[in-house]
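Just follow the structure's listing: the first ligand is 1, and inside any ligand the first atom is 1.
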Amino acid sequence: MPLPPAPLESMSPLTSWYRSTARDLPWRRPEFHDEYGAWGVLVSEFMLQQTPVTRVIPRLEAWLDRWPTPAAMATASTADVVQQWANLGYPRRALWLHRAAVEITDRHGGIVPREVDQLLALSGIGDYTARAVAVFAYGDRHPVVDTNTRRVLARAVEGRAQPGTPSRRDLELMASLLPEDVTAAAVFNAAAMELGATVCTARAPRCELCPLADSCAWLAAGRPDTGDERRRQAAYEGSDRQARGAVLRLLRAMDPEAVPLEAVLPEWPDTGQRDRAIDSLIADGLAEADGSALFLPR
Ligand code: SF4
């Protein structure tokens, strides 16, 4: 049975902790916003969805150097976009980002929209990214809830070891905790994410360093094992994802040349898995075939 929400005051140390300890990340610097505006925030959020910060930083800079605006990216070819995405993983995000750039250019005159509903209507943008752009690019007041925030809320407020299945309730709970002031609300959103990323981590929360230790419901209860409903991610080694990654790496290395089908991973230990990988890349629009060869989309 979840515990009742903690009173807002008990969360207030979070903001001052964030102001004194937040990591210096490119998308938090004023000059980043001056140079790339909401487009820079949008691209960074796409990349950060499933990739660690340290891998995102160099790719983000390269991406924005090449395509500093949605209109610039809208003219890129799919092959260029897949190439530039490089090793960030989950490459369908590159296609969605490309589509979103085209949509922003066509529907919004090249300006990333500010309204959550308009952001949600763009390709590849869900609840988290839409609100993150509205808050961190435009300074509006919305609850922004990512995996890290969900874990902090589950522990500090609800007394559970791990968050449950994502639901609208996460947004409602975060909304109930947000300070009224617009700027303070934006900082609070960022602070909750930062705490989950650096202190209240999934496997080894460092409660001795936590600004919420005095009020955390889970810590007060003795950090009980309350179960874990999260879906386990399958191991990468030996997975279809690994096969897809290997095929795509080959196509990127050979581009603009096409790769004869018989030369696509002939040594792969599971040929059925390799063929599934090829078929799924074609189905996702990440590769094309002409019957005898495979290549990046033109
Ligand atoms: S006290 Fe521990 S469990 Fe509670 S929010 Fe802080 S780090 Fe997480």
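Checked against a 6.0 Å centroid threshold, the rings of Trp85 and Trp63 count as neighbours.
Looking only at heavy atoms of the protein, atom 1 (S) of ligand 1 is closest to Cys216 CB, 3.6 Å.
Atom 2 (Fe) of ligand 1 does not have Cys200 among its coordinating residues (no N/O/S atom, backbone or side chain, under 2.8 Å). Among the atoms of Cys210, no N, O or S atom falls under 2.8 Å of atom 8 (Fe) of ligand 1.
The pair Arg131-Asp127 meets the salt-bridge criterion, with a side-chain N (NZ, NE, NH1 or NH2) lying under 4.0 Å from an Asp/Glu carboxylate O.
Atoms of ligand 1 found under 4.0 Å from any heavy atom of Trp218, numbered from 1 in the order shown, are 3 (S). Taking every heavy atom of Cys207 and a limit of under 4.0 angstrom, the matching atoms of ligand 1 come to 1 (S), 2 (Fe), 3 (S), 7 (S).
For the pair Arg241 and Tyr90, the cation-pi criterion (under 6.0 Å, within 45° of the ring axis) is fulfilled.
Counting non-hydrogen atoms of other residues, nucleotides and ligands closer than 6.0 Å to CZ of Arg66 gives a total above 12. No more than 12 heavy atoms of other residues, nucleotides or ligands lie within 6.0 Å of CD1 in Ile111, so this atom counts as exposed by the packing criterion.
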